[in-house]
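Working notes, structure below.
Because the structure is predicted, anything quoted here is derived from the model rather than measured.
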Amino acid sequence: MPAATPSGTTIVALPVPADLDAPDAWLLHGMVDCANRTWLDTWGELDEPRRPAEVLAGLRDQEYQLRLRYVALDVPAERGPADPGRVLGHLSMVLPRHDNTGLAYLHIDVRPEHRGRGIGTALHALALDTARSHGRTTLVTASFHAAEPEPGPDALAPPTGFGRVDAADPTVRHLRNRGWHLEQVARRSMLDVPLRPAVLAAHRERATEAAGPDYRVLTWVTHCPDELVDRFACLQSRMSTDAPQGGMDRDEEAWDAARVRAGEAHHVGRDETYRVAAAQHVPTGDLVAFTALVSQRGAPLVQQDDTLVLREHRGHRLGMLVKATNLGELAAAAPAARRIATWNAQENAPMLAINAELGFRPAGGSGEWQLRLT
């Protein structure tokens with residue numbers, strides 16, 4: 001049922017339309033436009049806009065994560081035209097269904113011109129009620145920042161001691177006033193591509209020499225080879241334990257071949273290419289490192305997805321080896337790509353060093369926040 005709020009808006013659950021031209025699809029289009037306007041306001045660019053088809057595909061994929069979406073409207077939906085501009089804000093929630101079932105991830109956007117009316121406050125209250133109704137005990141969200149402040153009284157650092165956010169930022173103030181704790185800061189980095197082939201070849205040659213004959217690189221696009229899928233599932237599980245977590249209350253994720261295939265299908269449904277380079281330990285056959293790039297056809301911006309080197313195989317330049325290999329494959333397969341964006345925990349010095357060596361430059365970051373419900 002629609003709920004009126006003190007902000008004078010009405011919050012409704014986003015319906016899942018039959019297709020993007022359905023009578024109720026204007027609400028989804030409005031949510032996407034609201035998200036893109038907010039991103040543009042924060043970053044000053046929209047190289048990779050959210051797409052209605054991508055959001056609809058995500059809403060149809062609920063096997064491993066319950067995805068909930070709510071939109072704040074100027075008046076109840078039935079009392080106005082089917083105008084996407086009537087969506088003034090939205091709440092996105094992701095609730096894991098198979099592991100970490102005490103967690104709820106949330107994201108709130110409010111159109112810049114409608115801030116200060118209490119819309120974000122109303123959506124935040126709904127998020128807390130929704131999390132509790134699903135038995136969640138911890139909420140996780142992020143604040144996004146185009147630049148990291150210099151050290152000083154107006155800079156807020158997490159308990160890790162790495163990275164800072166602006167304490168005066170409106171989102172930071174909003175979260176702190178409601179009991180959220182900054183647990184980690186991530187750096188956003190950007191790389192201009194394509195890199196010169198000779199540069200990539202030199203990186204890969206040095207990394208191959210450091211790795212030695214016990215390691216080789218395997219690549220695939222979207223579909224992991226059947227003979228590797230169980231080993232890749234193990235790598236995905238380790239991603240949830242071996243990557244820096246700061247103070248976040250996350251447990252290990254349980255991955256198997258079925259979950260890998262579901263993830264691949266998710267990318268296909270969103271019309272994305274998932275490009276993987278993995279390092280295999282030849283004596284055992286185990287996959288011990290990987291990196292992935294996610295791209296949309298013809299888009300100038302590519303997202304660096306997860307990168308991991310298992311703890312017991314670090315020190316062999318495997319991170320550089322898989323990254324340089326994947327960048328080389330991307331140059332041939334996605335000629336429209338001009339930039340790659342990646343996110344790394346500020347305390348992850350080894351991965352940040354690899355990125356810097358490849359030519360990534362700092363481009364803002366995020367605060368990772370946590371709220372334990374009582």
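- Of all the heavy atoms in L321 and A211, the pair that sits closest is CD2-CB, 4.2 Å.
- A donor and an acceptor atom, one from each side chain of Q184 and T160, are nowhere located under 3.5 Å apart.
- By the rule that hydrophobic residues join a cluster once side-chain heavy atoms approach within less than 4.5 Å of another member, L106 and L126 end up as members of one cluster.
- The closest side-chain donor-acceptor pair between E148 and Q346 falls under 3.5 angstrom.
- Y274 and H267 have parallel rings, their planes meeting at less than 30° on a 0 to 90° scale where 60° marks the start of perpendicular.
- Residues R238 and E312 are paired through a salt bridge, judged by an N-O separation under 4.0 Å between the basic side chain and the carboxylate.
- Side-chain contact annotation: T325 with R204, donor-acceptor N/O pair under 3.5 Å present.
- Of the charged side-chain nitrogens involved, at least one lies within less than 4.0 Å of a carboxylate oxygen, so that R115 and D41 count as a salt-bridged pair.
- Put simply, L318 and F360 are part of two different groups of oily side chains (I, L, V, M, F, W, Y) that touch within less than 4.5 Å, one to the next.
- Side chain of R216 to main chain of A279: no donor-acceptor pair is present (N/O by atom type, distance under 3.5 Å, no hydrogens or angles).
- The aromatic rings of H90 and H107 sit tilted, their planes meeting at an angle between 30° and 60°.
- Using a 4.5 Å cut-off on side-chain heavy atoms (C-beta onward), D251 and D99 make no contact.
- Shown here for W43 and A363, the closest heavy-atom pair between the two residues is CZ3-O, 3.3 Å.
- The environment of E113 atom CD is dense: over 12 non-hydrogen atoms of other residues, nucleotides or ligands sit within 6.0 angstrom.
- Between L195 and H203 the shortest side-chain heavy-atom distance does not fall below 4.5 Å.
- Closest of all the heavy-atom pairs between E63 and A262 is OE1-CB, 4.1 Å.
- Y215 and H313 form a side-chain donor-acceptor contact under 3.5 Å, judged by distance and modelled atom types alone.
- Using modelled atom types and a 3.5 Å distance limit, the side chains of R231 and Q280 yield no donor-acceptor pair.
- Looking at heavy atoms from C-beta onward, Q304 lies out of side-chain contact with N344 at the 4.5 angstrom threshold.
- Taking 4.5 Å as the limit, some side-chain heavy atom of T171 sits within range of a side-chain heavy atom of L175.
- Using a 4.5 Å heavy-atom cutoff, the side chains of L95 and T130 are not in contact.
- Using a cut-off of 4.0 Å between Lys/Arg side-chain N and Asp/Glu carboxylate O, D249 and R372 are scored as salt-bridged.
- When all heavy atoms of N326 and R275 are compared, the closest pair comes out as ND2-O, 3.0 Å.
- Put simply, the side chain of P225 does not reach to within 4.5 Å of the side chain of F232, judged on heavy atoms.
- Using a cut-off of 4.0 Å between Lys/Arg side-chain N and Asp/Glu carboxylate O, E264 and R261 are scored as salt-bridged.
- Within 6.0 Å of CZ on R361 lie more than 12 heavy atoms contributed by other residues, nucleotides or ligands.
- Electrostatic pairing of E45 and R338 does not count as a salt bridge here, judged by no charged N lying under 4.0 Å from a carboxylate O.
- For the pair R86 and D74, the tightest heavy-atom approach, listed with the atom from each and the gap, is NE-OD1, 2.9 Å.
- Around the CZ atom of R311, the shell of radius 6.0 Å holds more than 12 heavy atoms that belong to other residues, nucleotides or ligands.
- The two residues L88 and T9 make their nearest non-hydrogen contact at CD1-CG2, 4.0 Å.
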